[in-house]
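Before any comments, here is the structure.
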Amino acid sequence: ETSEDANANIKPIINTSSYLPNTTPKEIFVSVYSGFCYSYTSFTLDYYQLPGFKPLENLTSCNQGLTSGTFDFSSYENAVLANSTDTFTGFYTSLEDAQNDVNEIIIPNNYVAQTTPKEIFVRVENEHCYNTTSFNLTTKNCPPTIYNWVSANNDTFNDTFHIDGL
């Protein structure tokens, strides 16, 4: 971690894949020895905090046939944010789309899932990084809506009927 350590070839960082600096940015020194040659250099390591997010509830809608349903998850744009410095980026139908920030769901207040269960991915960003989370859309069988009157021409004559058992 210091130039003195690199020059003396002591105190190496043993596990470089899980190394976390005690401050950031942190200058890291590297010593290289090859046969009769010895050299050292340094580089700066920056560690950025991933954006946080609040867990989102799964949503359930009435089955509109073949497990399709219409959902409104537009309120999740603000509900997902855990930090005031983070920003909501979008909703996506796949993790790959969320990671690449492509094919965003444009109308989250009237989203039709053709089949359920369906996982929806959310991307949150800060100045340096992004993070993803997800929630599920499911459908349930709801009681049908049956009206006891219909007026074909809005004249209100001969427009009622009765269904026993309702």
Side-chain angles (χ1 to χ4, degrees), residues 1-140:
E1 287 191 356
T2 68
S3 62
E4 292 81 15
D5 291 346
N7 278 326
N9 201 20
I10 60 171
K11 299 182 189 174
I13 298 171
I14 303 298
N15 191 348
T16 58
S17 64
S18 63
Y19 174 76
L20 289 176
N22 56 358
T23 61
T24 185
K26 173 85 171 185
E27 187 173 14
I28 302 294
F29 297 89
V30 180
S31 61
V32 179
Y33 180 75
S34 176
F36 297 102
C37 296
Y38 169 79
S39 180
Y40 81 94
T41 187
S42 68
F43 63 92
T44 301
L45 179 65
D46 282 328
Y47 174 77
Y48 298 112
Q49 187 71 33
L50 285 174
F53 50 80
K54 294 179 186 173
L56 299 172
E57 297 285 325
N58 294 332
L59 296 176
T60 302
S61 174
C62 290
N63 183 350
Q64 295 172 330
L66 304 174
T67 71
S68 70
T70 302
F71 298 88
D72 179 359
F73 43 87
S74 58
S75 65
Y76 283 6
E77 291 177 13
N78 292 320
V80 71
L81 299 176
N83 303 307
S84 62
T85 57
D86 299 337
T87 57
F88 166 82
T89 303
F91 297 108
Y92 305 86
T93 58
S94 73
L95 178 58
E96 183 178 356
D97 284 352
Q99 290 170 333
N100 294 318
D101 197 16
V102 296
N103 302 319
E104 179 182 352
I105 296 172
I106 303 299
I107 305 172
N109 63 333
N110 193 31
Y111 178 77
V112 177
Q114 297 300 321
T115 59
T116 58
K118 174 77 174 166
E119 188 171 13
I120 300 295
F121 296 88
V122 184
R123 180 179 168 122
V124 177
E125 296 180 347
N126 63 21
E127 184 180 354
H128 302 284
C129 304
Y130 75 89
N131 204 353
T132 61
T133 186
S134 66
F135 60 94
N136 290 306
L137 306 177
T138 58
T139 57
K140 66 178 181 178

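Starting from 1, each residue takes its place in the sequence as its number.
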Task: Spacing of I120 atom CD1 and N136 atom CG [to the nearest 0.5 Å] - done: 9.0 Å

Open item on the list: Looking at every heavy atom in both L59 and F135, which two are closest together, and how far apart are they?
Closed with: CD1-CE1, 4.2 Å

TODO: Taking all heavy atoms of G65 and all of N63, pick out the closest pair and write down the distance.
DONE: N-OD1, 2.6 Å

- [ ] Find out whether F88 and V122 are in side-chain contact, i.e. whether some heavy atom of one side chain is under 4.5 Å from a heavy atom of the other.
- [x] yes

- [ ] Not counting sequence neighbours, list each pair that qualifies as a disulfide bond (SG atoms under 2.5 Å apart) and has a residue in residues 73-123.
- [x] none

TODO: Drop me the distance from T133's OG1 to L95's CG, to the nearest 0.5 angstrom.
DONE: 10.5 Å

Open item on the list: Does F29 form a side chain to side chain contact (heavy atoms under 4.5 Å, CB included) with E4? I'd like the steps, not just the answer.
Closed with: CA-CA 9 Å; F29 297 89; E4 292 81 15; over 6 Å; no

Open item on the list: If the condition is side-chain contact (heavy atoms from CB on, under 4.5 Å), which residues does E96 pass it with, not counting sequence neighbours?
Closed with: S94, N100

- [ ] Taking all non-hydrogen atoms of both residues into account, name the closest pair between T139 and T60 and its distance.
- [x] C-CG2, 4.3 Å

Task: Contacts of type side-chain contact (heavy atoms from CB on, under 4.5 Å), residue P55, not counting sequence neighbours - done: none

TODO: Work out which heavy atom in C129 is nearest to a heavy atom in L50; give both atom names and the distance.
DONE: CB-CD2, 3.9 Å

Task: Closest heavy-atom pair and its distance - P51, V124 - done: CG-O, 3.5 Å

TODO: Answer yes or no: is there a donor N or O on one side and an acceptor on the other, between the side chain of T67 and the main chain of T116, under 3.5 Å?
DONE: yes

- [ ] Any chance you could lay out the side chain to side chain contact (heavy atoms under 4.5 Å, CB included) test for Y92 and V102, step after step, and finish with the verdict?
- [x] CA-CA 8 Å; Y92 305 86; V102 296; 6.0 Å; no

Task: Heavy-atom closest contact (F53 atom, T132 atom, distance) - done: CE2-O, 3.5 Å

Task: Separation between CG of N109 and OG1 of T70, rounded to the nearest 0.5 Å - done: 11.0 Å

Task: Student check: side-chain heavy atoms of Y111 and F91 closer than 4.5 Å - done: no

Task: Counterpart residues, disulfide (SG to SG under 2.5 Å), relative to C62 (two or more places apart) - done: C142

- [ ] Spell out, as yes or no, whether a donor-acceptor pair under 3.5 Å connects the side chain of D86 to the backbone of G52.
- [x] yes

Open item on the list: Per the salt bridge (charged side-chain N to carboxylate O under 4.0 Å, His left out) rule, what does the pair list look like for residues 112-140, sequence neighbours excluded?
Closed with: R123-E125

Open item on the list: Please check this pair: side chain of N110 against backbone of V112, looking for a donor-acceptor N/O pair closer than 3.5 Å.
Closed with: no

Task: Where at least one partner belongs to residues 48-59, residue pairs that pass side-chain hydrogen bond (donor to acceptor under 3.5 Å, both in side chains), sequence neighbours excluded - done: D46-Y48

